[in-house]
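Notes for the one structure printed next.
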Amino acid sequence: VLYWIGTLDYASLSLEDQIDYALFKRELNYRLKQLDFNRKRFDQAATLLPQANKLIAMAEDRRALIYADAKTSAQTLTQALKAFETIHSQLGRKDGKTTVNPIVAFRASKYLGNLREDLKDWFTFYNGYDPNFTYWAKLPYEALDKKMEAYSKFLRDEVAGAANPETIIGDPIGREALMSDLQHEMIPYTPEELIALAEKELSWCQNEMTKAAAEMGHKNWQQALEAVKQQSPLPGEQPKLVVQLADEAINYLETNNLVTVPEISKRDWRMTMLTPEYQLQAPFFLGGEDVWVAYPTDSMPQDKKLMAMRGNNKYFSRAVVHHELIPGHHLQFFYNQRYQTQRQLFGTPFWTEGWALYWEMRLYEMGFAKTPEEKIGMLFWRSHRAARILFSLSFHMGKMTPQQSIDLLVDRVGHERENAAAEVRRSFSGDYGPLYQIAYMIGGLQFRDLHKEMVTNGKMGEREFHDAVLMGGEMPVSVVRSRLKKQAPDVNLPAQWKFYDFAK
């Protein structure tokens, strides 16, 4: 495919086609590199997964419509069973676990879970439909599946030490991989430079919070934050507040002519209440097309109820609602489904989360937060985004542990300790890419600099600018910049745009 697109005359294409060409080439190259990267990480865990390659080959053959030989398949399953029994027994000895890296063991446990699912699909495809297959493979498959389940649990709970569901075990990728991912996202800064940026932004937030604290009559921002945390909706009242806050944000956008909010987008968002189990990883609101609300339930222990209420007080919620709904993620999804839909293939958190965080910045600048309590609520989240840069990059470079990350959120942002643990757990669980947590503030700063270049300097109107971003579809913010300036991006999409002034 790369050869074929290389035969196209890039210069002869229209601007929109040039953008798609460059983005498609970028995406293909990145996915190929990721295959190599993931293969290396699998190889690191391979000694804990004997015969895994043969089992993977069986699953891949089925997908390639190569029909399985029943007797041979049964032999492969039996060999794998014996291999897993042997390594489980060896590691189960008192001295057997000492040389195993807990992080690699945890990774191997996840691979086993995925492999079990693949084998289940493989077995279900034939079982009962082919009597000969069932005769030979049924018993070996069932025995192997049971052993893989037990061995996976052993690796996770005993070798990696993750028996407690609240345990946090991350899998750092290293500085070299971070640099590669930053280049892919067109971010022209090193991890160290981004950490310095985050320190500067966090310092600004805390200075602003100190000013707001003085307005409230408190001697420091920590006291003011504590006062804000005490102001929570009563049990059962949080959903009503969400609707009120959503309407408030929409009215502000329309009154100030900031962005086009289609009428149907105001009415087609939905609300979901997060379960107590889900709140172990998501102690605050989440969202996308809709908003998922965190708040205490009757089944929670008393201390967790109080912590959930404090962490989702009405001033914290105020910034989160417009981040998740309008003008944030819900409005993004609404436009993505209607304009340049092919660019959903090129999605990046620097566009998705960056846009929502940019609006927190823009609305703060415009005075959307009128009281010092409202300012504290918005600044808390902005501080959190800066702290995410600090702990996520430091963790992936091996310079910070999950516990140190929790302490940072408690000491320098003001999180409740269990909420901080849930945030770190969510960041390192593997559901998000290594750069996802930095994308909020870095993407927001990119959009803010682009707003200054295009709107503050008089090249576009406020509403025109925001509508153009939404109608352009998902892409790195650097490419959004090329599109708004009506300039063809460099076909290789290098990381060149310096969007942050470290001197200010």
Side-chain angles (χ1 to χ4, degrees), residues 2 5-6 10 13 15-34 37 173-198 201 332 336 340 342-358 361 385 388-389 392-393 396-397 432-454 465 468-502:
L2 283 171
I5 65 171
Y10 181 69
L13 302 174
L15 175 60
E16 298 293 351
D17 287 341
Q18 286 176 322
I19 289 171
D20 285 338
Y21 177 105
L23 290 172
F24 186 59
K25 180 180 178 183
R26 163 185 173 269
E27 189 68 22
L28 281 176
N29 280 318
Y30 179 71
R31 293 195 183 195
L32 289 171
K33 289 179 181 178
Q34 282 299 104
F37 177 73
I173 65 171
R175 187 180 186 279
E176 182 181 349
L178 282 177
M179 284 296 297
S180 177
D181 283 358
L182 287 168
Q183 289 295 309
H184 169 70
E185 293 289 359
M186 305 177 71
I187 306 299
Y189 302 112
T190 66
E192 292 79 9
E193 287 174 319
L194 293 175
I195 287 173
L197 178 158
E201 291 296 316
Q332 286 178 303
N336 288 345
Q340 302 288 0
Q342 79 281 1
R343 289 183 183 154
Q344 293 179 53
L345 174 66
F346 311 126
T348 165
F350 289 83
W351 188 89
T352 305
E353 299 295 355
W355 168 265
L357 194 279
Y358 156 78
M361 296 176 172
R385 313 307 186 188
R388 274 180 163 176
I389 298 173
S392 62
L393 291 181
H396 281 292
M397 290 193 294
Y432 298 91
L435 295 189
Y436 196 94
Q437 304 306 336
I438 83 165
Y440 290 75
M441 176 157 279
I442 300 305
L445 291 169
Q446 286 183 299
F447 276 119
R448 188 176 71 175
D449 190 66
L450 184 55
H451 176 274
K452 178 181 177 181
E453 184 177 359
M454 303 304 295
F465 170 78
V469 172
L470 289 171
M471 291 180 181
E474 302 178 70
M475 63 184 81
V477 186
S478 182
V479 184
V480 175
R481 180 172 180 259
S482 296
R483 181 176 180 272
L484 296 190
K485 295 177 72 173
K486 302 187 187 311
Q487 297 175 352
D490 184 309
V491 67
N492 295 313
L493 299 183
Q496 295 177 328
W497 174 35
K498 299 279 188 174
F499 53 86
Y500 192 77
D501 188 350
F502 285 88

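Please read these numbers as outputs of a predicted model, since none were measured by experiment.
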| query | Which heavy atom in P188 sits nearest to a heavy atom in M186, and how many Å separate them? | reply | CD-O, 3.6 Å
| message | Is any side-chain heavy atom of Y500 closer than 4.5 Å to one of Q446? | response | no
| Side chains of E16 and Q340: closer than 4.5 Å at any heavy-atom pair? | yes
| query | At what distance, to the nearest 0.5 angstrom, does CZ of R388 lie from CD of Q437? | reply | 4.0 Å
| request: Could you please spell out the steps behind the side-chain contact (heavy atoms from CB on, under 4.5 Å) verdict for E474 and F346? | output: CA-CA 6 Å; E474 302 178 70; F346 311 126; 5.7 Å; no
| More than 12 heavy atoms from other groups under 6.0 Å of NZ on K485 | yes
| Does some side-chain heavy atom of V469 sit less than 4.5 Å from a side-chain heavy atom of M454? | no
| Sub-4.5 Å side-chain heavy-atom contact between I438 and I187 | no
| task | With rounding to the nearest 0.5 Å, note down the distance linking CG in L28 to CG in L345. | result | 8.5 Å
| query | What is the minimum heavy-atom distance between L15 and P489, and which atoms define it? | reply | CD1-CD, 4.4 Å
| Qualifying residue for side chain to side chain contact (heavy atoms under 4.5 Å, CB included) with D181, from H396, E176, Q34 | Q34
| said: Can you tell me how the ring of W351 sits relative to the ring of W355, calling it parallel under 30°, perpendicular over 60° and tilted otherwise? | reply: parallel
| query | Which atoms form the tightest heavy-atom contact between T190 and M179, and what is the distance? | reply | CA-SD, 4.0 Å
| request: Please report the shortest heavy-atom distance between A468 and R483, naming the atom on each side. | output: O-NH1, 3.1 Å
| field | Sub-4.5 Å side-chain heavy-atom contact between I442 and F499 | value | yes
| Would you say the side chains of Y436 and E353 form a donor-acceptor pair under 3.5 Å? | yes
| field | Over 12 non-hydrogen atoms of neighbours within 6.0 angstrom of NZ in K486 | value | no
| Using the ring of each side chain (for Trp, its six-membered ring), is F465 parallel, tilted or perpendicular to H451, with breaks at 30° and 60°? | perpendicular
| When rounded to the nearest 0.5 angstrom, what distance separates CG in L435 from CZ in F350? | 5.0 Å
| message | Check whether Q183 reaches the backbone of P494 with its side chain - one donor and one acceptor, N or O, closer than 3.5 Å. | response | no
| query | Will you find, in the side chains of E185 and T348, an N or O donor that is under 3.5 Å from an N or O acceptor? | reply | yes
| task | To the nearest 0.5 Å, tell me how far L493 CG sits from S482 OG. | result | 8.0 Å
| query | Atom CD1 in I173, atom CE in M397: separation rounded to 0.5 Å? | reply | 10.5 Å
| message | Could you measure the distance from the CG atom of L393 to the CG atom of L197? Nearest 0.5 Å is fine. | response | 10.5 Å
| Lys/Arg N to Asp/Glu carboxylate O, E192 vs R175, below 4.0 Å | yes
| said: In the structure I gave you, are the side-chain heavy atoms of D449 and W497 within less than 4.5 Å of one another anywhere? | reply: yes
| field | Heavy-atom pair with the smallest gap, counting every atom of M475 and V480 | value | CG-CG2, 3.5 Å
| message | Within the structure provided, determine whether R481 and E453 are in side-chain contact (heavy-atom separation under 4.5 Å). | response | yes
| field | Heavy-atom closest pair, residues P434 and L178 | value | CB-CD2, 4.4 Å
| E201 versus I389: any side-chain heavy-atom pair under 4.5 Å? | no
